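Report on the following structure.
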Amino acid sequence: MTSLDTSLIIFQPSGRQGRVETGITLLDAARQLGVDVDSVCGGRQTCGKCKVIVERGEFAKYGIQSDPQHVSAATADENDYFRRHPSKFSAGGRLSCVACIAGDVVITVPPESQQRKQVIGKSAGNRPIEIDPILHQYYVEVEPHTLGERRGDWERLQEALAREWGLQHLTIDIVALRQLTNALKAGKHKVTVTVYGGKGQESRIETQGSSIKPPAPFMAKVLDVRGGFHEGLYGLAVDVGSTTVAAHLIDLTTGETLATEAAMNPQVSFGEDLMSRVSYVMMNGNDGLRKLTQAVIGTLNTLVEKAAKRAKISVTEIYEAVIVGNTVMHALLLGIDPTELGAAPFTLTTHAPIDVRASDLGLRLHPAANVYLPALEAGHVGSDNLGVLIAEAPERQDAITLLIDIGTNAEIVLGNRNGLWSCSSPTGPAFEGGQIAHGQRAAPGAIERVRIDPATGVPKFKVIGNEAWSDTLSPDAVGATGICGSGIIEVVAELFRAGLLRSDGRFVENLEWKMENGKLDISNSQSPISNPQSHLRWQGVKAEYVLATAAQSATGKDIVITQDDVRNIQLAKAALHAGCKLLMNGLGVSKVDKIVLAGAFGSYIDPLHAMILGLIPDCDLATVVAVGNAAGDGARIALLNKTRRAESAPFARDGHYIETAIDPNFQQEFVGAMHLPHMTDPYPTLRALGVLPAKSASESDGRSARRERRRERQEKF
Ligand code: FES
């Protein structure tokens with residue numbers, strides 16, 4: 001039903017509808033009704049981004065009959081476009097910039113034509129991302145220069161961008177200015193312009209050359225001008241970890257990840273962990289700093305080249321990179337001396353977000369490309385943690401969420417929409433296999449899963465690269481090389497669960513293998529009876545547990561867990577747990593609703609074993625989730641959504657932060673957390689599951705401690 005000069009138009013899937021003037025284009029109607037439809041070429045029928053579907057049929061819900069005939073016939077240019085791009089053609093498909101309304105219609109805007117597209121990420125978290133990047137490309141027609149005209153090409157381009165796209169307050173990068181005149185010539189006054197700009201950038205530090213400018217009123221900037229119509233707007237999301245550097249090449253118009261490349265961080269050869277790299281700079285001065293910076297930049301350039309090659313694009317079409325990393329990685333990437341981060345009070349050079357020209361860092365992207373480094377939170381909480389926050393968005397949720405990213409430092413955030421608290425805890429290298437007799441990084445052959453039979457004390461395990469449990473394989477087919485982080489957590493938790501370890505972390509002496517209600521009762525531990533198959537062996541006063549026999553190992557030697565290994569795991573997990581408790585105390589809660597394990601390591605941790613160990617506080621196990629590389633996902637989101645990027649900076653600036661190194665309660669929390677799973681926390685979830693050994697946890701600790709002290713006194717006298 002149409003009135004004399006207006007038509008009813010309904011846009012799907014948004015459901016927006018209204019009467020618009022008959023005769024205007026579908027694109028104009030969409031704009032009037034606030035429907036996002038993409039349009040890169042400004043209606044020149046060259047980009048195809050504005051394609052919509054004109055539906056046919058009775059739409060009783062809206063009381064109209066929709067028909068492709070209710071819009072104007074396709075033009076020759078439009079037909080030509082679909083002939084040249086057959087993949088874009090579909091029944092009812094029209095370019096909305098050219099199809100004019102002739103009657104009531106229902107229009108579907110397909111996902112690829114929605115300006116703010118929602119894409120489902122390919123990450124472990126599969127997070128939806130609204131595509132609203134800070135970079136856009138515009139196709140414009142610039143008035144030719146006429147004799148006597150005093151305006152230059154740049155002034156006429158500004159006027160065209162203002163007239164056709166409403167862009168104001170533009171500046172132009174010298175790289176684009178150098179391209180401009182020839183691009184106008186080549187494109188016969190029609191050019192594709194890449195513009196960096198958007199709201200929410202006002203508080204950043206901008207760098208130009210080597211000097212830092214104070215924040216200026218925001219101005220959009222032209223980075224690139226190419227003759228004619230050109231499509232190709234790409235960005236890079238990078239996570240620079242202490243061990244691994246990962247780069248994702250992303251199409252900024254579709255949100256699609258086109259290629260992912262990763263490599264070992266070459267700085268490992270200068271120092272395994274962060275502090276050894278800081279020491280390297282302290283000992284070698286500027287020369288050492290330069291080497292570390294060049295090493296990581298060189299690796300990034302290699303990753304960029306590989307990714308671009310895989311995606312079949314030019315590196316000069318990559319206009320921005322978002323890079324996250326811990327504070328030391330951040331400093332070393334920028335060539336900033338990290339020495340102050342190596343000791344209290346852990347001074348940051350800046351914790352504000354940074355924009356820096358890629359070429360100033362030596363990164364080979366587009367010559368005017370920007371690199372954005374999100375804010376740092378504190379001396380030990382870097383932008384990788386902010387990436388986790390951007391990805392997980394706990395500040396938008398009611399559930400009190402505990403976010404844990406485990407590395408040599410655990411970065412921890414707790415809170416919900418009512419407030420967020422963060423800290424960093426010095427877990428050390430134990431979870432990465434460091435300070436563990438047979439510890440190693442996750443690699444084929446590393447023991448990653450462990451189970452110990454409480455009735456016999458005999459273990460079985462799985463190694464990376466083989467899905468079979470060791471007890472189903474002949475010993476020489478096992479080939480265990482060592483124990484990686486997840487295996488270390490499981491073996492200690494299983495030793496405790498099986499009753500071979502006390503709650504205080506000491507191996508149980510003179511164990512009598514007495515079963516009580518199907519569980520091992522270690523309270524009768526005075527009898528000198530040992531199970532010869534228990535794999536627990538004593539050397540003097542020290543014990544070790546044989547996890548893999550010499551026949552099962554690739555080295556031909558037993559793979560064991562020593563008393564010192566257990567102690568180092570206790571120290572690491574106690575540091576993490578104490579950090580969690582400080583945050584819980586800060587927020588004023590005794591329980592969390594949800595635990596999110598971020599980082600590659602978090603994906604391999606079994607939540608039950610992490611809880612038996614006391615690595616994480618008590619929580620419904622169903623709400624403990626691993627989200628993979630959330631820091632990298634956060635970088636991807638910051639690249640694709642300028643609003644989310646801008647929202648993250650205030651948290652880094654204003655969020656509550658606890659400096660564990662000087663917090664007066666840390667030591668007390670740490671001591672309590674040394675026990676398995678904890679000296680005083682009751683862990684009702686584990687008790688309900690019946691997975692704690694009988695009389696071995698906190699309620700028997702007093703008795704164990706008394707017995708232990710008695711034994712020590714007897715030894716002395
Ligand atoms: Fe480019 Fe319609 S806006 S084809």
Side-chain angles (χ1 to χ4, degrees), residues 7 9 11-12 14 16 20-55 68 70-102 105-117 131-133 135-142 157 160-167 183-184 186-195 222 224-234 251-256 317:
S7 300
I9 182 161
F11 283 99
Q12 299 187 128
S14 66
R16 294 215 174 187
V20 297
E21 196 183 330
T22 302
I24 66 169
T25 65
L26 291 171
L27 184 61
D28 284 339
R31 285 176 180 156
Q32 282 182 21
L33 296 174
V35 176
D36 282 331
V37 176
D38 217 346
S39 128
V40 171
C41 73
R44 289 182 178 77
Q45 300 163 57
T46 49
C47 73
K49 300 284 184 196
C50 65
K51 192 191 102 171
V52 296
I53 311 293
V54 183
E55 300 293 349
H70 292 181
V71 296
S72 59
T75 64
D77 282 350
E78 193 180 359
N79 284 333
D80 185 48
Y81 173 81
F82 283 120
R83 227 183 343 265
R84 284 184 287 112
H85 302 90
S87 64
K88 298 256 174 104
F89 181 77
S90 56
R94 294 295 307 272
L95 297 180
S96 65
C97 64
V98 67
C100 296
I101 298 169
V105 276
V106 173
I107 301 294
T108 296
V109 184
E112 65 273 19
S113 301
Q114 291 168 19
Q115 213 164 35
R116 294 183 174 206
K117 307 167 187 84
I131 301 172
D132 184 19
L135 285 147
H136 290 278
Q137 280 179 328
Y138 302 95
Y139 182 60
V140 281
E141 188 165 356
V142 179
L157 175 63
L161 287 167
R163 185 180 63 243
E164 293 191 20
W165 295 102
L167 294 178
L184 286 170
K188 299 193 172 57
H189 307 292
K190 291 178 187 152
V191 287
T192 301
V193 181
T194 303
V195 178
V222 173
D224 184 86
V225 187
R226 298 184 190 213
F229 180 71
H230 177 82
E231 274 186 297
L233 189 64
Y234 304 99
D251 185 328
L252 297 181
T253 58
T254 65
E256 193 185 345
E317 292 174 298

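Note: hydrogens, waters and symmetry copies are ignored here, and every other heavy atom, side chains too, is used. Counting starts at 1 for both ligands and their atoms, following the listed order. Everything numeric in this text was worked out from a predicted model, so none of it was measured.
Counting protein heavy atoms only, atom 3 (S) of ligand 1 is closest to Gly43 N, 3.4 Å.
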Discussion item. Would Val40 and Glu231 count as a side-chain contact (heavy atoms from CB on, under 4.5 Å) here? Give the steps.
Written reply: CA-CA 9 Å; Val40 171; Glu231 274 186 297; 5.6 Å; no
Discussion item. With side-chain contact (heavy atoms from CB on, under 4.5 Å) as the criterion, how do Val54 and His70 come out once you've worked through the C-alpha distance, each side chain's angles and the decisive distance to 0.1 Å?
Written reply: CA-CA 9 Å; Val54 183; His70 292 181; 5.9 Å; no
Item to complete: Decide side-chain contact (heavy atoms from CB on, under 4.5 Å) for Arg44 and Tyr139; before the verdict, give the C-alpha distance in whole Å, the side-chain angles of both, and the deciding distance to 0.1 Å.
Response: CA-CA 9 Å; Arg44 289 182 178 77; Tyr139 182 60; 3.0 Å; yes
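Heavy-atom contacts of Cys97 reach the following atoms of ligand 1: 2 (Fe), 3 (S), 4 (S) (cutoff under 4.0 Å). The distance from ligand 1 to the heavy atoms of Gln45 drops below 4.0 Å at these ligand atoms: 4 (S). Close approach to Thr46 involves these atoms of ligand 1, each under 4.0 Å from a residue heavy atom: 4 (S). Under a 4.0 Å criterion applied to the non-hydrogen atoms of Cys50, ligand 1 contributes the atoms 2 (Fe), 3 (S), 4 (S). Residue Ser39 has at least one heavy-atom neighbour below 4.0 Å for each of these atoms of ligand 1: 3 (S).
The distance from atom 1 (Fe) of ligand 1 to the nearest N/O/S atom of Cys47 is under 2.8 Å. At a threshold of 2.8 Å, atom 2 (Fe) of ligand 1 has no backbone or side-chain N, O or S atom of Cys41 nearer than that distance.
Judged by distance alone, with hydrogens and angles left aside, the side-chain atoms of Arg16 form a donor-acceptor pair with the main-chain N or O of Leu33 at under 3.5 Å. In this structure, Ser113 contributes its side chain and Lys49 its backbone to a donor-acceptor pair below 3.5 Å.
When all heavy atoms are compared, the tightest approach of Gln114 to Val109 is NE2-O, 3.0 Å.
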